[in-house]
Each structure stands twice: as structure tokens, then as C-alpha cells.
Student: 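One structure, as C-alpha cells, below. Some questions next.
Here is the naming used below: chain letters follow the sequence lines, and residue numbers restart at 1 for every chain. Just so you know, these numbers come straight off a predicted model, no measurement behind them. Side chains are part of it too, since the values below use all heavy atoms of this structure and drop only hydrogens, waters and symmetry mates.
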Protein chains: 2
Amino acid sequence: MSKLSPIEFAKALADDTRQTIMRFCCCEWRSVSEIVEHTGVSQPTVSHHLAILRDAGLVTPRPEGRQTYYTLDQQQVAVCCGQLMQVFAPENQATVAVKDILIR
Amino acid sequence: MSKLSPIEFAKALADDTRQTIMRFCCCEWRSVSEIVEHTGVSQPTVSHHLAILRDAGLVTPRPEGRQTYYTLDQQQVAVCCGQLMQVFAPENQATVAVKDILIR
DNA sequence: ATCTCGTATAGATGAGCGCCGATATGTCCA
DNA sequence: TGGACATATCGGCGCTCATCTATACGAGAT
């Protein structure tokens, strides 16, 4: 999981289909077929979006036989959000709280 | 300052020029001319991006004579980041801390 | 080995958007 | 009132990217 700049993070999030995938994979492992069925877009499109999220370190793949299961990396999300807050809301109270927890 | 969905927030952040503007206006009031000079893009382009950020409630305009000064709304940023964390990192420790501060 | 199923990649297409020049709007000053 | 300046809007152009179909790759199963 490589570090993600605020720009890369924002661009990875800036698509409805990708956010749908992220919500769907938030607390569970989901196969590509399940994601295809849930999003309603074609399988290649899902694969494309998964590649983007995977490159951003936002989802983790787990190959299992013919299928590949994906899940959202909540820690990566939290760290990136914390970074956003430090850059764009440095004087906010919540930013301090997040920094204490996420940055060590 | 209207409420901002995770998608709208991400799309507003998903541009280098807009992030440059946001950083430049983070803790100070900046005129459009200053922003034009700092970003290096044309004045109409800056105006365009400011309109997007303004519609998202991420920057606050303060007209003063012929000039308009803008500053970043750190509270709006923090709230949106908090929302992102609750949606995409609900099991993370930092999310709980942010929620306690931002959501009332 | 061959077939089938699940996923990834390649190539094409169309919509969205970032950018600029030109122009409109609005404010201050003489 | 007229002119100069700051910002906003308009119209277009080019590029990025989300989507599709077609195809390749890879792992069971027969």
C-alpha cells in the first residue's frame, strides 16, 4: 500500500461507480461477479475500476481459485482523510484529534 | 453552505488547480488576482474553479469594492472528511473520534 | 488435453470538463 | 458621464476518462 497524495485520493473517489464499489466492499470480501451484479455495469468496467482502486491501495485483492475477492482498506481511507484534513483544515479541532490517532 | 455528498466533495477536490487554490486560500483571504498569479492559469479559469468551490461551499467569497476575496471553509472540509470516514472507514478508531467532534 | 467459468486486458467511442480568448457585468475614480 | 480596473460569464476546442464489445489469460473440472 503506497502512500497516496490528496490529489490521487480525490481522483480515486471522484466516480459514482467506484464509490458504490467501495461502499459494497466496505466491511466484507466481495467477488468481482458480486460487484458486477451490485453495480449494474459491465464486468470489464468493474475490473477497470478495481484496478484503479487497487493501484491506489484502497482495496485489497485476495485471489481464491478462479475468483478474486476484494475488500476496502479502511485504514488507507482513514489515513488519506486524515491527510486531507491536515492540509485543508489544519485549524480545525477534529484535525488535531485525527492526527493524534493516525500519525505516529 | 449546503450539505455536500461524498461524491460532490470528491469531485470538487479532484483537480490539481482547485487543490492549489484551496491550499493557497487555506488560512488567509486571497483576491482573485492573487490566485491567478499564484496558480499560473488564466483569470477565467480561476473564476471557473472558484465557482465550483463556491457552489460546494468549500470557499467563502467576500466582495470588497472591485475585488473579491476568497478563503477556504475549513469547517466544511472537516465535516466532509468526517462523512467520508464514516462511510468508508466506519470501523476505524479515528472515525469515532471525528464523529464525536463533528456530528452533533 | 480440452472445455468452462471468472477475471483481466485491448481497442474504440462518446460524454464531461479543464482550458483559453472574447465579452459582459460591476465598481471606483476623475 | 466616461474610462480604467477586477471579476464573472460565454463559446469553443482538446484531452481525459468511463463505458462498451471483443479477446486473452488462468484456474478448476471432465
Student: For Leu50(B) and Gly40(A), take the nucleotide of DNA chain D holding the closest heavy atom to each; which residue's nucleotide lies nearer the 5' end?
Tutor: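 First, find each residue's nearest nucleotide; the 5'-ward one identifies Leu50(B).
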
Student: Going by number, which of residues 6-38 of chain B have a non-hydrogen atom under 4.0 Å from DNA chain C?
Tutor: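 Listed by number, they are Asp15(B), Thr17(B), Arg18(B).
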
Student: Quick one: how far along DNA chain C does chain A reach, first to last nucleotide 5' to 3', anything under 4.0 Å to a heavy atom?
Tutor: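 The protein-touched segment is dT4(C) to dT9(C).
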
Student: Calculate the interatomic distance between Tyr70(B) atom OH and dT7(D) atom P; express it in whole Å.
Tutor: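 The answer, rounded to whole Å, is 9 Å.
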
Student: Starting from Val96(A) and following side-chain heavy-atom contacts under 4.5 Å between hydrophobic residues (I, L, V, M, F, W, Y), which residues can be reached?
Tutor: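 None; Val96(A) is a cluster of one.
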
Student: To the nearest 0.5 Å, tell me how far Leu13(A) CG sits from Cys81(A) SG.
Tutor: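 Output value for this atom pair is 7.0 Å.
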
Student: Touch check for Ser47(A), heavy atoms < 4.0 angstrom, all strands: base, sugar-phosphate only, or nothing?
Tutor: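 Base contact - Ser47(A) has a heavy atom under 4.0 Å of at least one base atom.
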
Student: Between the protein and nucleotides 21-30 of chain D, are there any N/O to N/O pairs under 3.5 Å, and if so, what are the atom names and distances?
Tutor:
none

Student: Does any N or O in the side chain of Ser31(B) come within less than 3.5 Å of the main-chain N or O of Thr68(B), such that one atom is a donor and the other an acceptor?
Tutor: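 Here the side-chain-to-backbone pair does not exist.
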
Student: What pairs with Tyr69(B) under ring-ring contact (aromatic ring centres under 6.0 Å, His included), at least two apart in sequence or on another chain?
Tutor: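 Here no residue qualifies.
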
Student: Does Arg62(A) have any salt bridge (Lys or Arg N to Asp or Glu O under 4.0 Å) partners at least two apart in sequence or in another chain, and if so, which?
Tutor: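 Per chain and number, Arg62(A) pairs via salt bridge (Lys or Arg N to Asp or Glu O under 4.0 Å) with Glu64(A).
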
Student: Excluding sequence neighbours, so at least two apart, what forms salt bridge (Lys or Arg N to Asp or Glu O under 4.0 Å) with Asp100(B)?
Tutor: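 In terms of salt bridge (Lys or Arg N to Asp or Glu O under 4.0 Å), with neighbours along the sequence ignored, Asp100(B) is linked to no residue.
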
Student: Donor-acceptor pairs are to be reported for all side-chain atoms of residues 47-59 of chain B against protein atoms at under 3.5 Å, with residues two or more places apart or in another chain.
Tutor:
from, atom 1, to, atom 2, distance (Å)
His49(B), ND1, Arg18(B), NH1, 3.1
Arg54(B), NE, Tyr70(B), OH, 3.3
Arg54(B), NH2, Tyr70(B), OH, 3.4

Student: If the condition is side-chain hydrogen bond (donor to acceptor under 3.5 Å, both in side chains), which residues does Ser33(B) pass it with, not counting sequence neighbours?
Tutor: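 By the side-chain hydrogen bond (donor to acceptor under 3.5 Å, both in side chains) rule, Ser33(B) matches no residue at all.
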
Student: Side chains of residues 83-94 of chain B: which donor-acceptor pairs under 3.5 Å do they make with residues two or more places apart or in other chains?
Tutor:
from, atom 1, to, atom 2, distance (Å)
Gln86(B), NE2, Gly82(B), O, 3.3
Glu91(B), OE1, Gln74(A), NE2, 3.0
Asn92(B), OD1, Ala94(B), N, 2.8
Asn92(B), ND2, Gln75(A), OE1, 2.8

Student: Could you tell me how far apart His49(B) (NE2) and dT7(D) (P) are, to the nearest whole angstrom?
Tutor: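 My rounded result for the distance is 16 Å.
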
Student: Identify every side-chain donor-acceptor pair in residues 36-45 of chain B under 3.5 Å, counting partners at least two apart or on other chains, and give the distances.
Tutor:
from, atom 1, to, atom 2, distance (Å)
Thr39(B), OG1, Ile35(B), O, 2.8
Thr39(B), OG1, Val36(B), O, 3.3
Ser42(B), OG, Thr45(B), N, 3.3
Ser42(B), OG, Thr45(B), OG1, 2.9

Student: By the 4.0 Å heavy-atom rule, please label Val41(B) as base, sugar-phosphate, or nothing.
Tutor: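 It contacts sugar-phosphate atoms only.
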
Student: Through direct or indirect side-chain contacts below 4.5 angstrom among Ile, Leu, Val, Met, Phe, Trp and Tyr, which residues connect to Ile7(A)?
Tutor: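 Reading the cluster by chain and number, Ile7(A) sits alone, since nothing else belongs.
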
